[in-house]
Amino acid sequence: MRVVSRFLYGLHKQTFPRTITVQSFLGSSPIVKSDLPKSPTFSASKLKFSEIEQTQLGFLNPFKSNLALKLRASREGVGLIQETKESAPTPITKANDGSNSFAELKNRFLSFKKHKYLENLECYQQLAQAQAPKFLVISCADSRVCPSYILGFQPGEAFVVRNVANLVPAFENGPCETNAALEFSVNALEVENILVTGHSCCGGIRALMSMEDEEKSSSFIKNWVVVGNPARSSTKAISSNLSFDQQCRHCEKESINNSLLNLLTYPWVKERVAKGLLSLHGGYYNFVDCTYEKWTLDYQRSSRKQETGGFAIKNREFWS
């Protein structure tokens with residue numbers, strides 16, 4: 001299966017206002033402050049983290065209001081929208097053709113244009129000039145786990161790449177869409193946080209756990225998810241007495257840790273982490289009961305454990 005990636009627009013960087021050692025779990029570090037001016041935040045919901053850093057939407061030098069630009073942007077379509085406040089969108093259901101689905105998408109787009117874009121026109125025009133997100137988010141392509149919807153990222157706050165089972169291959173695996181996004185976001189955009197976020201009931205992890213040892217396959221999916229083989233092996237070693245569903249649940253989290261360690265195989269990632277310029281975080285969204293776990297790789301303590309294959313985490317939290 002083709003790796004799916006999606007990139008969000010960016011914005012100017014600004015400031016985000018216990019340590020345990022384990023074998024199977026992994027936050028944040030201080031963020032470099034910006035001396036550029038800020039302008040008002042979007043009206044949509046803001047990203048909130050309990051007891052950790054909070055992101056706030058920031059922008060480049062403020063533009064003056066441009067009436068002509070507003071008139072041009074609002075010339076077509078907006079009059080069709082009669083909503084005065086946000087409401088739950090009409091679900092897109094399967095149909096014999098795509099006309100109904102795209103009619104709903106059209107309504108959603110025009111609603112976005114009227115209630116978000118035009119009401120924050122100067123902000124969106126500034127975002128069109130450049131991007132400087134604080135986060136790189138590596139998430140699963142699963143339609144149920146959009147990170148911007150779950151964590152409230154606003155345009156410009158996160159550079160997002162999505163693939164099957166939210167996997168990060170090791171540096172020696174060679175080029176792919178995921179590490180191309182990793183290279184650009186770390187070296188060009190200089191993100192300050194990488195968040196690898198997994199989820200419950202992951203089909204990619206089930207495919208990984210269903211594979212036989214040394215299995216050869218022509219399946220694109222299976223040839224991709226083998227990136228998580230170390231997580232599969234460790235899961236089998238310590239949870240062989242559990243049911244298959246329980247093993248998959250364990251591997252969903254273990255694969256996140258495996259990806260965090262794989263991130264350190266990239267020289268330019270490891271260098272920035274070692275200098276304290278970049279922090280590596282893991283996250284796990286359980287959409288069955290709507291909870292989220294978050295943790296941070298403790299690089300300094302983990303470095304001392306590399307010979308034994310262990311690692312340490314800090315700032316572990318459970319949001320419910």
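Only heavy atoms go into these numbers, but all of them, side chains included; no hydrogens, no water, no symmetry mates.
Summarising the geometry of Ala158 relative to Val137, their closest heavy-atom pair is CB-CG2, 4.0 Å, with the distance given to 0.1 Å. Contact between Val161 and Ala181 at its shortest, heavy atoms only, is CB-CB, 4.0 Å. Here the closest non-hydrogen pair linking Cys140 and Cys202 is SG-SG, 4.2 Å. Residues Asn223 and Ser218 share a closest heavy-atom pair of ND2-C, 4.0 Å. Across all non-hydrogen atoms, the minimal contact from Val227 to Val168 is CG1-O, 3.7 Å. The two residues Lys294 and Asn315 come nearest to each other via the heavy atoms NZ-O, 2.8 Å.
No donor-acceptor contact under 3.5 angstrom links the side chains of Arg144 and Tyr285, judged on distance only.
By the side-chain contact (heavy atoms from CB on, under 4.5 Å) test, Ser143 is found to be paired with no residue, residues two or more places apart in sequence or in another chain being considered. Applying the side chain to side chain donor-acceptor pair (under 3.5 Å) rule to Thr235 yields the partners His250; only residues at least two apart in sequence or on another chain are considered. Every residue meeting the side-chain contact (heavy atoms from CB on, under 4.5 Å) condition with Glu212, not counting sequence neighbours, appears here in chain and number order: Glu215. In this structure, Phe109 has no ring-ring contact (aromatic ring centres under 6.0 Å, His included) partners at least two apart in sequence or on a different chain. By the side-chain contact (heavy atoms from CB on, under 4.5 Å) test, Ala231 is found to be paired with Cys251, Glu254, Ser255, Asn258, residues two or more places apart in sequence or in another chain being considered. Applying the salt bridge (charged side-chain N to carboxylate O under 4.0 Å, His left out) criterion to Lys275, with sequence neighbours excluded, gives Glu271. Applying the salt bridge (charged side-chain N to carboxylate O under 4.0 Å, His left out) criterion to Asp289, with sequence neighbours excluded, gives no partner residue. Legend: residues meeting salt bridge (charged side-chain N to carboxylate O under 4.0 Å, His left out) with Glu183, ordered by chain and number and at least two apart, are absent. For the salt bridge (charged side-chain N to carboxylate O under 4.0 Å, His left out) test, residues two or more places apart in sequence or in another chain that qualify with Arg206 are Asp245. Listed by chain and number, the residues in a side-chain contact (heavy atoms from CB on, under 4.5 Å) with Ala207 are Ile221 (sequence neighbours excluded).
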Q. What do the steps show when you test Val186 against Ile194 for side-chain contact (heavy atoms from CB on, under 4.5 Å), and what is the final call?
A. CA-CA 9 Å; Val186 171; Ile194 299 177; 4.0 Å; yes
Q | Residues Asn166, Val145; criterion side-chain contact (heavy atoms from CB on, under 4.5 Å); working and verdict | A | CA-CA 11 Å; Asn166 45 270; Val145 292; over 6 Å; no
Q) Does the side-chain contact (heavy atoms from CB on, under 4.5 Å) test come out yes or no for Lys253 and Glu293, once each step is laid out? A) CA-CA 10 Å; Lys253 298 180 181 181; Glu293 293 179 62; 2.6 Å; yes
Q. Yes or no on side-chain contact (heavy atoms from CB on, under 4.5 Å) for Phe244 and Ser210, after CA distance, side-chain angles and deciding distance?
A. CA-CA 9 Å; Phe244 181 73; Ser210 300; 3.4 Å; yes
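Within the model, atoms CD1 of Ile205 and CZ of Arg249 stand 13.0 Å from one another, a figure rounded to the nearest 0.5 Å. Interatomic distance, CG of Asn179 versus CG of Asn173, reported as 8.5 Å (0.5 Å rounding). Residue Tyr284 holds its OH atom at 4.0 Å from CD of Glu252, rounded to the nearest 0.5 Å. Note that OH of Tyr299 is 11.5 Å distant from CG of Leu278, once rounded to the nearest 0.5 Å. Note that the SG atom of Cys123 and the CD atom of Gln125 stand 10.5 Å from one another [nearest 0.5 Å]. Note: Leu195 CG to Leu260 CG = 9.0 Å, rounded to the nearest 0.5 Å.
By the 4.5 Å heavy-atom criterion applied to side chains, Gln131 and Leu189 are counted as neighbours. At a threshold of 4.5 Å between non-hydrogen side-chain atoms, the residues Leu167 and Thr178 do not count as touching. No side-chain heavy atom of Ser185 sits under 4.5 Å from any side-chain heavy atom of Phe135. Using a 4.5 Å heavy-atom threshold, the side chains of Asn163 and Ile138 count as touching. Put simply, the side chain of Ile150 does not reach to within 4.5 Å of the side chain of Phe287, judged on heavy atoms.
Side-chain atoms of Asp298 do not come within 3.5 Å of backbone N or O of Lys314 as any donor-acceptor pair. Under a 3.5 Å cut-off, the side chain of Glu192 and the backbone N or O of Glu190 do not form any donor-acceptor pair. For the pair Trp224 (side chain) and Val164 (backbone), a donor-acceptor distance under 3.5 Å is present. Judged by distance alone, with hydrogens and angles left aside, the side-chain atoms of Ser302 form a donor-acceptor pair with the main-chain N or O of Ala312 at under 3.5 Å. With Ser234 contributing its side chain and Pro230 its backbone, the two residues share a donor-acceptor pair below 3.5 Å.
In this structure, Leu242 is not a member of the same hydrophobic cluster as Val288, with clusters built from ILVMFWY side-chain heavy atoms closer than 4.5 Å.
Ring-plane geometry between Tyr117 and Tyr124 is classed as tilted, the angle between the planes lying from 30 to 60 degrees on a 0 to 90 degree scale.
For residues 226-240, the set of pairs meeting the salt bridge (charged side-chain N to carboxylate O under 4.0 Å, His left out) definition, not counting sequence neighbours, comprises Asp213-Arg232. Sorted by first then second residue, the ring pair (Phe, Tyr, Trp, His ring centres under 6.0 Å) pairs that include residues 169-196, not counting sequence neighbours, are Phe159-Phe184, Phe171-Tyr266.
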